[in-house]
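Proteins come first, then strands; the chains are lettered A, B, ... in the order of their sequence lines, and each starts at number 1.
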Protein chains: 2
Amino acid sequence: MKLALRKQKILAAVIEHYIATGEPIGSKSLQNTEGLDVSSATIRNELADLTVKGFLKQPHTSAGRIPTEYGYRYYVDNLMEPIKLDDRVKRYIENRLLSSSDAPEHIIKTAGAIASELIGTAALSTTPTGDNTRVHRIKFVQTGRHTSMLVLITSSGMVKSRLFRCDFDITPEMLNVFDRALNESLAGQPLSAVNRPFVQTFAASFGELGLLMPDMLTAVMDACKESLGTNVYTSGSTKLLYQNDFDLISARGVLEFLSDSDSRDKLLSGIPEGTTIYIGKENSHVLLRHSAVVATRYEIDNHPAGLMAVIGSTRFDYPKAVAILECIAEYTGSLIDELLSVRQ
Amino acid sequence: MKLALRKQKILAAVIEHYIATGEPIGSKSLQNTEGLDVSSATIRNELADLTVKGFLKQPHTSAGRIPTEYGYRYYVDNLMEPIKLDDRVKRYIENRLLSSSDAPEHIIKTAGAIASELIGTAALSTTPTGDNTRVHRIKFVQTGRHTSMLVLITSSGMVKSRLFRCDFDITPEMLNVFDRALNESLAGQPLSAVNRPFVQTFAASFGELGLLMPDMLTAVMDACKESLGTNVYTSGSTKLLYQNDFDLISARGVLEFLSDSDSRDKLLSGIPEGTTIYIGKENSHVLLRHSAVVATRYEIDNHPAGLMAVIGSTRFDYPKAVAILECIAEYTGSLIDELLSVRQ
DNA sequence: ATTAGCACTCGCACACCTAGAGTGCTAACG
DNA sequence: CGTTAGCACTCTAGGTGTGCGAGTGCTAAT
């Protein structure tokens, strides 16, 4: 729907006032809006119209107007102007990321923490998705007479380990043989390829020896499967409880949602590349019906990889959140790229 | 302070009623208490006395009595009877733990989740403390021309990784040399021994080559230092927001506390072996002033290692929490022992 | 199309009231 | 001297009533 210029101006003014203060605004206060030189009665007419069209609503008859979810959507799609981030903020983000320790997981965790801190709401960050990830290397470390640890390193620099036990004594030579054989056939394979058929073929090609170590092969499979899933880090979730435009039920709902890995992962995996905004009922999950999600994917090796996201009430400073998230995502991606020497 | 038998009976009855219902109880309802055959007037006298002595208090004049923190303390120390866990519950715990994947971190995380689920409040579980932990093995995996990953495996089965980069091309032979040298001098060392002096001595003994790799040695040190710290897993923290005897401020405080790793670790590291209960102001941290913590240490290789703890309002089913935590801690310890083959 | 004026609506804050629960005190009892 | 019955008292929760202020929608004039 195309709105007349004056209506757009009024809609933007209502939304920006509401985002800033959390209070409804009425026709009188709107007269002070820059470049809106009409009487309050005119504004009242426009407000009534915007309300009928579904962009605005009144909490109750004698209150001012606040945006509906539809209003926010229109604002996000048509009215909001992308803000340019202050250089100091950019430098702050870069420094914080650089001073986190040199493990990809740490960097990603820190990225989430920065987002939460700067945007002032709960933030999520995920390790890269496994789709483009391959097995980099598998290592064995003996831990006991019958037990050993398997360490899987993926092409995106993630590490997973598994303990397994055998019925017979493990010798270093044996581990060496397995080390060589496994890496020969697995290194470079996509993680998703390491499934039961693959492992069974591998074991078969190994003859009798292969049959001896079902536990080890299960461990390999397990580790690959787990690496295929992403780790999700949550930051600043208590901030939700301080947002006064968020009632306890909704805030609790979001917290509940965040701690339920199934529904959380379902949301996250559905987010496309670039920057995405879900407002209110646009979220498929019931618990997020009163919340907004702003998410963006960072890239590793020029491929969309993991996510940076913030989540809060629908009353959200969308322009700011988008700018900060995109900045963090960019730095995070290039920092990990650098560490993995993907960009030589 | 020694209390007369009848006073003890009344105190226990008040506390147990309050734990069960969350409601204050008055003299009349207390007459129904098993084995208390006196009039309500007599009970009123006793209640007044217990109130003066500080065991009980009234939310307001016309309400019944509820326990004070001091009352809870007396109950926990003198009155509460240890409950024997139902066999089905025990089996449930064991099965849940056995079906978690074979990585110590997973088991510990699951243990926390079970505790939260069965006790119905937030739970914490930690990986073993580093005090008795030694370096088991260090592995190198090349990730790029100038970058490599270091994987540290500790004697308690934990894995830490670090990426590092060098100014020159890394060769497999070089990594092999370092692998051998590092493991020769580090394997079996307590993690705490791997500090800067140690690393410098090591580098010096290596001559020129040692000077070439400051980043690698820093990575080793970092990884050891990080392994010295414990990982803390939180489960069911949203449950705090559903406890109706917990006002929003207190619940939020606890959540805040749980997400602040510094103060959280400070609490956890101060907990002795065995089972410990902190009630209200006994907690050193301000944010826990209205909460209770029940914690117990599990053992690995017969040494007190990590923690299982639950946290909630002071209105707490202490006997149940103690019984369940101790059961979980025991199974967790022996399961990890078994995986690490410490008990052959 | 815009504006001034005005009656109207509604939520909030506050005061007020009542019912019910539980108490402490007093005096009587064994 | 401990125990008990009786009673006046206190306090909270919850319901009702009222005035204020903000903001609206409508109408008639420009």
**Report entry** Nearest-angstrom distance from the residue atom CG of A/N45 to P of C/dT3
**Finding:** 10 Å
**Report entry** Spatial distance of atom OG1 (A/T126) from atom CE (A/M308) [nearest 0.5 Å]
**Finding:** 7.0 Å
Query - B/I10 CD1 to C/dG22 C1', straight-line distance once rounded to whole Å - result: 15 Å
Query raised in the report: Would you say the side-chain atoms of A/S269 pair up with the backbone N or O of A/D265, donor to acceptor, closer than 3.5 Å?
Result: yes
Query raised in the report: What parts of residues 19-31 of chain A reach DNA chain D, counting only heavy atoms under 4.0 Å away?
Result: A/G26, A/S27
Report task. May I ask you to check whether A/Q243 and A/T121 show a side-chain donor-acceptor distance below 3.5 Å? Result -> yes
Requested in this report: Whole angstrom is fine here: how far is it from CD1 in A/I43 over to P in C/dA1?
Outcome: 18 Å
Report task. Name the orientation class of the two ring planes belonging to B/F55 and B/Y74 (parallel below 30°, tilted from 30 to 60°, perpendicular beyond 60°). Result -> perpendicular
Query raised in the report: Just the endpoints, please: which first and last nucleotides of DNA chain D, 5' to 3', lie under 4.0 Å from a heavy atom of chain A?
Result: D/dG21 to D/dG25
Report task. Report the distance from atom CG of A/D37 to atom C1' of C/dA1, rounded to the nearest whole Å. Result -> 16 Å
Query raised in the report: Using the benzene-type ring in the case of Trp, are the ring centres of B/Y72 and B/Y318 under 6.0 Å apart?
Result: yes
Query - A/E326 side chain to A/A323 backbone, donor-acceptor under 3.5 Å - result: no
Query raised in the report: Just checking A/S62: base, sugar-phosphate only, or nothing, at a heavy-atom cut-off of under 4.0 Å?
Result: base
Requested in this report: Give A/A63 one of three labels, base, sugar-phosphate or nothing, depending on what nucleic acid heavy atoms sit under 4.0 Å from its own.
Outcome: sugar-phosphate
Query raised in the report: Does the B/D317 side chain pair with the main chain of B/A20, one donor and one acceptor, at a distance under 3.5 Å?
Result: no
Query raised in the report: Under 3.5 Å, is there a donor-acceptor pair between the A/N45 and A/T42 side chains?
Result: no
Report task. Please tell me which of B/T61 and B/E46 maps to the more 5' nucleotide of DNA chain D, matching each residue to the nucleotide holding its nearest heavy atom. Result -> B/E46
**Report entry** Carboxylate-amine/guanidinium proximity below 4.0 Å for A/K9 and A/E34
**Finding:** no
Report task. Find the distance B/R65:CZ to C/dA21:P and express it as a whole number of Å. Result -> 17 Å
